[in-house]
Amino acid sequence: MRYWLMKSEPDEVSIDDLEARRTVPWFGVRNYQARNFMRDAMQVGDLAFFYHSGCPVPGIAGLCEVTAPAHPDLTQFDPASPYFDAKSSPDDPRWVCVDVRFLRKTRLVPLAELREHVELAAMPVLQRGNRLSITPVGEAEWRFVTERLMRSGS
DNA sequence: GCCAACGTTGGC
DNA sequence: GCCAACGTTGGC
């Protein structure tokens, strides 16, 4: 069982959207490293921080769980989708996604707050220049955030 | 809107 | 294989 941090722009899929839909395919990843995490390392039952990016206060907004292993991301075949990839074919899909299930909302734990804790300093999401939309989280980091930072949260 | 950082593309 | 140009991400 592993832990992850998964970025989503709330304008596209927010934690409230995930709560309403219960389970969503993690479509739209177009970075090989992030894809490889989903394809090669993620397993059903893994837990993830649902992170809001590209918004006024970026940070962790909730928790979710991987419920389906990597499968082709159908948006790559849809010419109307912003994630369309003309170089990918159904015979040999380039992009995959896992499914994630809503677990719970938490209080928003801002990126700036995560940076305040030396216990979290090694998290990839905090590293300079990090842009990966999916990054691993260590068990100690997971426990620190869920047990120390979210305890009084909603 | 700016810009640092990084990934991808494509000419050579 | 190199690397310049370009595009994207995403915090601020």
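In what follows, chains carry the letters A, B, and so on, assigned in the order in which the sequence lines appear, proteins first and then strands, with residues in each chain numbered from 1.
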Measure the distance from [atom1] on [X] to [atom2] on [N] and round it to the nearest whole Å.
| X | N | atom1 | atom2 | result |
| --- | --- | --- | --- | --- |
| A:N31 | C:dG10 | CG | C1' | 14 Å |
| A:Y83 | C:dG7 | OH | C1' | 15 Å |
| A:E12 | C:dT8 | CD | P | 15 Å |
| A:I134 | C:dG10 | CD1 | C1' | 16 Å |
| A:R30 | B:dT9 | CZ | C1' | 18 Å |
| A:D11 | C:dG11 | CG | P | 13 Å |
| A:W95 | B:dG7 | CH2 | C1' | 10 Å |
| A:L114 | C:dG11 | CG | C1' | 13 Å |

Taking the side chain of [X] as heavy atoms from C-beta outward, which of [options] is closest to it?
| X | options | value |
| --- | --- | --- |
| A:S133 | C:dG11, C:dG10, B:dG7 | C:dG10 |
| A:S53 | B:dT8, C:dG10, B:dT9 | C:dG10 |
| A:R131 | C:dT8, C:dG11, B:dT9 | C:dT8 |
| A:L111 | B:dG7, C:dC12, C:dG10 | C:dC12 |
| A:P58 | C:dG11, C:dG10, B:dG10 | C:dG11 |

A:F49 and A:W4 aromatic centres sub-6.0 Å: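 That pair fails the under 6.0 Å test.
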Do any side-chain nitrogens or oxygens of A:Y51 fall under 4.0 Å of OP1 or OP2 in C:dT9?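 For A:Y51, the contact criterion (side-chain N or O under 4.0 Å from OP1 or OP2 of C:dT9) is not met.
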For C:dT9, does OP1 or OP2 lie under 4.0 Å from any side-chain N or O of A:K7?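 Checking A:K7 against C:dT9: no side-chain N or O falls below 4.0 Å of OP1 or OP2.
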Looking only at side-chain N and O atoms, does A:S14 offer a donor or acceptor that is under 3.5 Å from a partner on A:D17?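 The answer is yes; a qualifying pair exists.
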Looking only at side chains, do A:S88 and A:Q76 share a donor and an acceptor under 3.5 Å apart?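 Yes, A:Q76 and A:S88 have a side-chain donor paired with an acceptor closer than 3.5 Å.
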Roughly how far apart are A:C64 SG and A:M6 CE, rounded to 0.5 Å?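 Result: 6.0 Å between the selected atoms.
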Does the pair A:R35/A:D73 count as a salt bridge with the N-to-O cut at 4.0 Å?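 Not counted as a salt bridge, because no side-chain N and carboxylate O are separated by less than 4.0 Å.
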